[in-house]
Number of protein chains: 2
Amino acid sequence: MTKNSNTTERQNKEQEILAAAEHEFLTKGYDGARTTSIAQTAGVTHAMLHYYFRTKEQLFERIVDEKFAQMSHSMFAILGDPSLPIIERLKGGIAAHFDFIAENPQLPRFVINEIVSRPERYEVLYKRAGAIIDGVYKGLQEEIDRAAKRGEMEPTDVRMLFISIMSLNVFTFVAYPFMEPLMGELMADRDRFLAQRKTENIETIIRRIKR
Amino acid sequence: MTKNSNTTERQNKEQEILAAAEHEFLTKGYDGARTTSIAQTAGVTHAMLHYYFRTKEQLFERIVDEKFAQMSHSMFAILGDPSLPIIERLKGGIAAHFDFIAENPQLPRFVINEIVSRPERYEVLYKRAGAIIDGVYKGLQEEIDRAAKRGEMEPTDVRMLFISIMSLNVFTFVAYPFMEPLMGELMADRDRFLAQRKTENIETIIRRIKR
DNA sequence: ACCTTTGTTAACAGAATTGTTAAACAATAT
DNA sequence: ATATTGTTTAACAATTCTGTTAACAAAGGT
């Protein structure tokens with residue numbers, strides 16, 4: 001075997017472990033996850049898992065970092081395309097956010113659970129994030145203020161608007177397993193339901209802000 | 001000591017354990033919860049906890065049963081007062097639902113996590129719940145259809161409407177610890193923020209359904 | 001060919017956690 | 001008073017899980 005195929009194999013194993021860990025942590029959380037189960041899914045002995053990632057904690061942090069980055073990515077998606085008129089921009093932003101969460105449906109629940117169970121850990125991270133978000137959203141707030149002055153839309157607090165958008169988009173996925181058995185045929189066809197839900201969420205928000 | 005004061009003490013201990021267990025399970029989940037920690041919080045030895053509730057599993061189920069009942073209660077609150085005109089009825093329903101969750105802010109996250117982590121367990125429960133909800137909501141759907149025919153509101157699918165209401169109301173609390181550090185002064189005064197959020201959610205839904 | 005580095009395995013150690021038990025203790029009824 | 005029933009405690013058993021170690025294998029560089 002050449003050097004190349006070897007490092008590839010090594011990377012493969014690392015990736016296998018990471019993939020298995022992602023699935024395990026996202027479905028069962030840190031406490032419910034078992035390193036032996038992750039190793040088994042990845043097709044390696046559990047000693048190998050420790051060889052590659054030292055501890056469960058460190059493996060978990062790799063996943064957490066990735067998921068926090070994705071979560072922040074998803075939130076920025078709401079901002080939409082600044083070159084579009086405000087209403088179109090928001091429509092696009094809501095849709096992009098929805099699609100992103102649709103591809104990572106377990107993401108919000110995982111991130112929220114993690115924050116709830118160990119808030120201290122993320123205080124530093126949050127201080128920075130809060131400042132960044134503050135700055136970025138300020139721009140949108142100003143554009144909204146101008147549009148409102150022109151009478152194109154209701155005066156609106158961006159932060160409240162964002163909470164509403166996230167509520168509508170995120171809840172659909174966070175609560176999916178809870179709602180699905182209660183809703184009968186409505187949710188039977190997942191793709192159809194999600195498409196309906198996306199337009200519904202856009203419609204709901206637009207009606208809220210259009211004058 | 002009389003027989004009475006004795007049974008009272010016993011009930012007190014049981015209640016103490018249950019209260020401690022509720023807090024532990026709701027904040028940390030089943031896997032993260034520790035029976036020793038519950039016992040300590042309740043001020044009893046951990047052997048006593050086993051004496052009263054046999055196993056962690058059984059103690060957990062006591063809490064789950066209560067929380068599922070509360071969750072179902074909260075959802076029925078959305079139905080509102082049938083004697084009111086439809087718009088007023090919905091306003092009241094949304095507010096009642098919001099207030100209920102506000103008093104049990106950890107409830108939805110707990111119930112959803114439980115369903116996600118062991119769906120099999122609740123299949124039976126769900127079959128029944130699905131049928132009940134189906135029947136109850138059908139009445140509201142008919143009233144909405146009549147109001148729509150009279151031109152008082154948009155034609156609306158009750159189930160979609162319910163998902164939107166739950167999204168807006170529930171997300172506020174599920175994501176509270178996640179959003180709070182990001183939102184600066186907006187969420188600094190919790191009571192004020194919740195009051196704002198409640199009227200915002202009502203306004204959002206009403207605008208969606210009013211013609 | 002030899003040595004070093006890296007990867008792999010199996011067995012095991014340590015810690016934490018749930019659950020049990022036997023015996024002491026308290027309350028009550030007869 | 002005493003038997004009975006229920007409650008409490010402390011010690012311990014059993015299991016599960018994470019993390020380590022020591023021996024071994026493979027590969028690469030010199």
Side-chain angles (χ1 to χ4, degrees), chain A residues 1-65 113-114 117-118 121, chain B residues 1-65 113-114 117-118 121:
Chain A
M1 264 183 209
T2 71
K3 177 188 180 182
N4 206 353
S5 81
N6 194 340
T7 52
T8 306
E9 282 226 346
R10 185 195 162 131
Q11 285 175 347
N12 276 348
K13 283 202 174 164
E14 233 181 90
Q15 290 309 314
E16 294 268 20
I17 295 171
L18 281 170
E22 176 173 330
H23 183 257
E24 180 91 357
F25 284 132
L26 263 79
T27 52
K28 305 190 186 164
Y30 182 83
D31 293 317
R34 296 288 164 252
T35 53
T36 49
S37 161
I38 293 171
Q40 202 179 339
T41 305
V44 303
T45 65
H46 91 274
M48 282 312 298
L49 182 146
H50 285 288
Y51 176 72
Y52 281 110
F53 297 96
R54 208 69 200 163
T55 65
K56 179 183 182 181
E57 192 69 30
Q58 279 183 48
L59 177 55
F60 182 68
E61 267 175 26
R62 281 283 288 269
I63 306 297
V64 165
D65 287 350
N113 279 334
E114 182 55 18
S117 57
R118 336 191 194 184
R121 261 189 156 186
Chain B
M1 263 184 207
T2 71
K3 176 188 180 182
N4 207 353
S5 81
N6 194 339
T7 54
T8 305
E9 282 228 347
R10 183 193 164 130
Q11 286 175 346
N12 276 350
K13 283 204 174 164
E14 235 180 88
Q15 291 308 314
E16 295 265 21
I17 295 172
L18 282 170
E22 176 173 330
H23 182 256
E24 180 90 356
F25 284 132
L26 267 97
T27 52
K28 305 192 187 165
Y30 181 83
D31 292 317
R34 295 290 164 248
T35 53
T36 48
S37 161
I38 293 171
Q40 202 179 339
T41 305
V44 303
T45 65
H46 91 274
M48 282 311 299
L49 182 147
H50 285 289
Y51 175 72
Y52 280 109
F53 296 97
R54 207 69 198 162
T55 65
K56 180 183 182 181
E57 193 68 31
Q58 279 182 48
L59 177 56
F60 182 69
E61 265 173 28
R62 280 284 288 269
I63 306 297
V64 165
D65 286 351
N113 279 335
E114 181 54 19
S117 58
R118 336 191 194 186
R121 260 190 155 182

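If you're wondering where the values come from, they're calculated on a predicted model, not measured in any experiment. Convention: sequence-line order gives letters A, B, ...; per-chain numbering from 1.
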- B:Lys56 side chain vs B:Ala33 backbone, donor-acceptor pair below 3.5 Å: yes
- Task: Taking only heavy atoms on the protein side, list every residue of residues 30-43 of chain B lying under 4.0 Å from any atom of DNA chain C, sorted numerically.
- Result: B:Ala33, B:Arg34, B:Thr35, B:Thr36
- Item | Nucleotide nearest A:His50 (side chain, heavy atoms from C-beta), chosen from D:dG19, D:dT9, C:dA10 | D:dG19
- Should we count NE2 of A:His50 as having more than 12 external heavy atoms under 6.0 Å? yes
- Task: Output yes when at least one side-chain N/O atom of A:Tyr51 is less than 4.0 Å from OP1 or OP2 of C:dT9, else no.
- Result: no
- Calculate the interatomic distance between B:Phe25 atom CZ and C:dT18 atom C1'; express it in whole Å. 12 Å
- Ion pair present between A:Arg62 and A:Glu22, side-chain N to carboxylate O less than 4.0 angstrom? no
- Task: Answer yes or no: does atom CD of B:Gln58 have more than 12 heavy-atom neighbours from other residues, nucleotides or ligands under 6.0 Å?
- Result: yes
- Can you tell which of D:dG19, D:dA11, C:dA10 lies closest to the side chain of A:His46? D:dG19
- Length of the line joining B:Ile17:CD1 and C:dG19:P, which is rounded to integer Å: 14 Å
- Task: Side chain of A:Met48 only, please: which of C:dG19, C:dT9, D:dT20 is the nearest?
- Result: C:dT9
- Note on the structure: Taking C:dA10, C:dT20, C:dG7 as options, the one with an atom nearest any side-chain atom of A:Thr45 is C:dA10
- Item | Protein-nucleotide distance (A:Phe53, atom CZ; D:dT20, atom C1'), rounded to Å | 18 Å
- Message: If you only use heavy atoms from C-beta on, which nucleotide in C:dT20, C:dT8, D:dT8 is closest to the side chain of A:Lys13?
- Response: C:dT8
- Rounded to whole Å, CG of A:Asn12 lies from C1' of C:dT6 at a distance of 17 Å
- Message: Main chain of A:Gly43, side chain of A:Glu16: is a donor-acceptor contact present, judged purely on distance under 3.5 Å?
- Response: no
- Task: Taking atom CZ of B:Arg121 as the centre, report whether more than 12 heavy atoms of other residues, nucleotides or ligands fall under 6.0 Å from it.
- Result: yes
- Message: Rounded to whole Å, how long is the line connecting atom NZ of A:Lys56 with atom P of D:dT20?
- Response: 15 Å
- Measure from CG on B:Leu49 to C1' on D:dA10 and round the result to the nearest Å. 16 Å
- Considering all heavy atoms, the nearest A:Ile63-A:Leu18 contact: CD1-O, 3.8 Å
- Note on the structure: Here the distance between atom C1' of C:dG19 and atom CG of B:Leu59, to the nearest Å, is 14 Å
- Query: Can you find a side chain N or O atom of A:Tyr52 that sits less than 4.0 Å from OP1 or OP2 on C:dT8?
  - Reply: yes
